[in-house]
Amino acid sequence: MSKTSKKAPGKSYRKGISLIEVVKMFDTEEKAEQWFIEQRWPDGIVCPHCDSDNIAMKKDRKPQPYRCRTCRKHFSIKTGTLLRNSNLPLSKWAIGFYLYSTSLKGVSSMKLRRDLDIGQKAAWHMGQRIREMWDNQAEKFAGPVEVDETYIGGKEANKHADKKLNAGRGTVGKSVVAGAKDRESGQVSAQVVPDTKKATLHGFIQDKADANATIYTDDLRSYQDMPFRHESVSHSVSEYVRDQAHVNGLESFWASLKRGYHGTYHHFSPKHLGRYINEFAGRHNDRPSDTIDQMAHMVRAMEGKQLPYKELTAGGPAYPESKV
């Protein structure tokens, strides 16, 4: 494991892993599978169909080497997870987890394709499934809680003529993302919301904050008259901090998100925007953990979820509100 100096900045107490180390950890499929098993089933292999631990193993029966003696079904480490039906080796999934855990600005599918030597479609699907792993509902924040909103999307002036809405400038055509940050724990919860109306933002706050929490916001009128202890700063007159009233924590998170947007992804499709928000919030919330623990958390978070390629590419409504 990589060591850091006691004088190193930021979260230097964490144990990191170098790229060379992680490649050595997963240089065979057997090593990768054993690591996945230890993270998913730390107390021994359990049937994902009936939770029985009465399991028989047949190594020559690929791709499902395990058989439950109770329900008589066969399964693998991928069964019942987001990795279901994936033809990619577990070693490449593990390295993909590492890349997403350690890349603060995200990982483009083109880079993932090159680094893992896989197809473009497989790389894009892997990225979306990893983001889905971070789709977890946080408990309500005890507070103090900062609440703020931001806009994601390209400028109307930069769009092709047939993509322009011709409805004005500024935030026209952009998606709204609302966020809450618990100052005590440092955790962030963010999601796509339809607008910045009072009912929408008050509903968001009630979902994210405990009834006894103190809420800090800017001076957007929609935040007025909320049923919480509430203080705001007046950004409209260049007031950004007044005693404990500020939203600097969330502004820092938005800055990280937008560095990823402009520097790595360049575009977030409205259909999949919620997953990208999940990625940045999920990675932020797990940053205090050691790198190997962040990867282990992702293995446990993949269970009970699925995201078929056809579902990702099908038409229809945009991705539902994120729950991070």
Side-chain angles (χ1 to χ4, degrees), residues 1-4 8 10-46 48 76-84 86-109 111-118 122-136 138 186-188 256 260 264 275-307 324:
M1 299 294 179
S2 302
K3 295 183 179 179
T4 53
K11 296 179 175 62
S12 56
Y13 53 82
R14 295 174 305 170
K15 291 182 180 179
I17 308 175
S18 71
L19 180 58
I20 293 176
E21 287 175 311
V22 82
V23 169
K24 288 180 179 178
M25 285 177 62
F26 304 110
D27 58 358
T28 68
E29 192 64 5
E30 290 72 22
K31 286 183 182 179
E33 183 173 10
Q34 185 57 40
W35 181 78
F36 270 88
I37 289 172
E38 291 171 356
Q39 309 317 312
R40 186 181 182 187
W41 297 307
D43 298 322
I45 299 173
V46 175
S76 73
I77 186 64
K78 297 178 180 179
T79 302
T81 76
L82 277 163
L83 275 57
R84 175 176 175 264
S86 171
N87 294 323
L88 295 177
L90 289 170
S91 55
K92 295 194 176 185
W93 273 105
I95 296 173
F97 287 2
Y98 169 81
L99 292 173
Y100 272 91
S101 295
T102 56
S103 302
L104 299 187
K105 296 179 185 177
V107 184
S108 71
S109 60
K111 176 173 173 56
L112 205 60
R113 178 188 66 81
R114 291 190 297 269
D115 288 352
L116 298 182
D117 191 23
I118 59 179
W124 182 77
H125 194 190
M126 173 185 277
Q128 295 294 359
R129 284 193 276 193
I130 288 176
R131 295 180 189 102
E132 190 76 6
M133 292 176 191
W134 275 311
D135 180 20
N136 296 301
Q187 298 285 288
V188 166
S256 175
T264 300
R275 290 190 189 89
Y276 288 95
I277 303 304
N278 286 344
E279 173 190 345
F280 282 84
R283 185 165 46 231
H284 168 90
N285 291 340
D286 214 17
R287 287 297 291 165
S289 302
D290 295 343
T291 301
I292 194 65
D293 291 332
Q294 293 178 39
M295 295 168 62
H297 297 162
M298 294 169 74
V299 174
R300 291 190 281 274
M302 72 184 187
E303 189 160 2
K305 300 173 183 175
Q306 59 180 336
L307 191 62
V324 179

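Only this structure's heavy atoms are used, side chains among them; waters, hydrogens and symmetry mates stay out.
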Non-hydrogen side-chain atoms of Thr291 and Lys15 separated by less than 4.5 Å: no
Reported CE-to-CD distance for the pair Met302 and Glu132, which is rounded to 0.5 angstrom: 14.0 Å
pair Lys92-Asp117: side-chain heavy atoms closer than 4.5 Å: yes
Test item: Asn285 and Trp134 side chains (from C-beta on) under 4.5 Å apart, heavy atoms: no
Stepwise side-chain contact (heavy atoms from CB on, under 4.5 Å) check, Phe280 with Val188: CA-CA 9 Å; Phe280 282 84; Val188 166; over 6 Å; no
side-chain contact (heavy atoms from CB on, under 4.5 Å) partners for Leu19, two or more places apart: Val22, Val23, Tyr98
Heavy atoms of other groups near Lys105 NZ, more than 12 under 6.0 Å: no
Separation of Leu116 CG from Ser91 OG (nearest 0.5 Å): 9.0 Å
Stepwise side-chain contact (heavy atoms from CB on, under 4.5 Å) check, Tyr276 with Gln128: CA-CA 8 Å; Tyr276 288 95; Gln128 295 294 359; 3.5 Å; yes
Leu112 side, atom CG; Leu99 side, atom CG - distance, nearest 0.5 Å: 6.5 Å
Nearest-0.5 Å distance that lies between atom NZ in Lys24 and atom OG in Ser18: 8.0 Å
Arg113: side-chain contact (heavy atoms from CB on, under 4.5 Å) partners, not counting sequence neighbours: Met110, Gln120, Ala123
Side-chain heavy atoms of Arg129 within contact of Ser86, under 4.5 Å: yes
Least distance between heavy atoms, Arg283 atom then Leu104 atom: NH2-O, 3.5 Å
Nearest non-hydrogen partners of Leu307 and His125, listed with the distance: O-NE2, 2.7 Å
Donor-acceptor side-chain pairing of Glu38 and Gln34 below 3.5 angstrom: yes
Worked check of side-chain contact (heavy atoms from CB on, under 4.5 Å) between Met133 and Leu83: CA-CA 10 Å; Met133 292 176 191; Leu83 275 57; 3.8 Å; yes
Spatial distance of atom OG (Ser101) from atom CG (Asp290) [nearest 0.5 Å]: 12.0 Å
Stepwise side-chain contact (heavy atoms from CB on, under 4.5 Å) test for His297 and Arg300: CA-CA 5 Å; His297 297 162; Arg300 291 190 281 274; 3.1 Å; yes
Parallel, tilted or perpendicular: rings of Phe97 and Phe36 (30°, 60°): tilted
Shortest non-hydrogen separation from Leu88 to Lys78 and the atoms involved: O-NZ, 2.9 Å
Expected output: side-chain Glu29 to main-chain Leu90 donor-acceptor under 3.5 Å: yes
Charged N-O contact under 4.0 Å between Arg275 and Glu279: no
Nearest non-hydrogen partners of Val107 and Arg131, listed with the distance: O-NH2, 3.9 Å
Close side-chain approach of Ser256 to His284, heavy-atom, < 4.5 Å: no
Backbone of Val299 reached by a side-chain donor or acceptor of Arg40 within 3.5 Å: no
Minimum-distance pair of heavy atoms, taken over all atoms of Ile77 and Thr81: O-CG2, 3.9 Å
Sub-4.5 Å side-chain heavy-atom contact between Gln294 and Arg287: yes
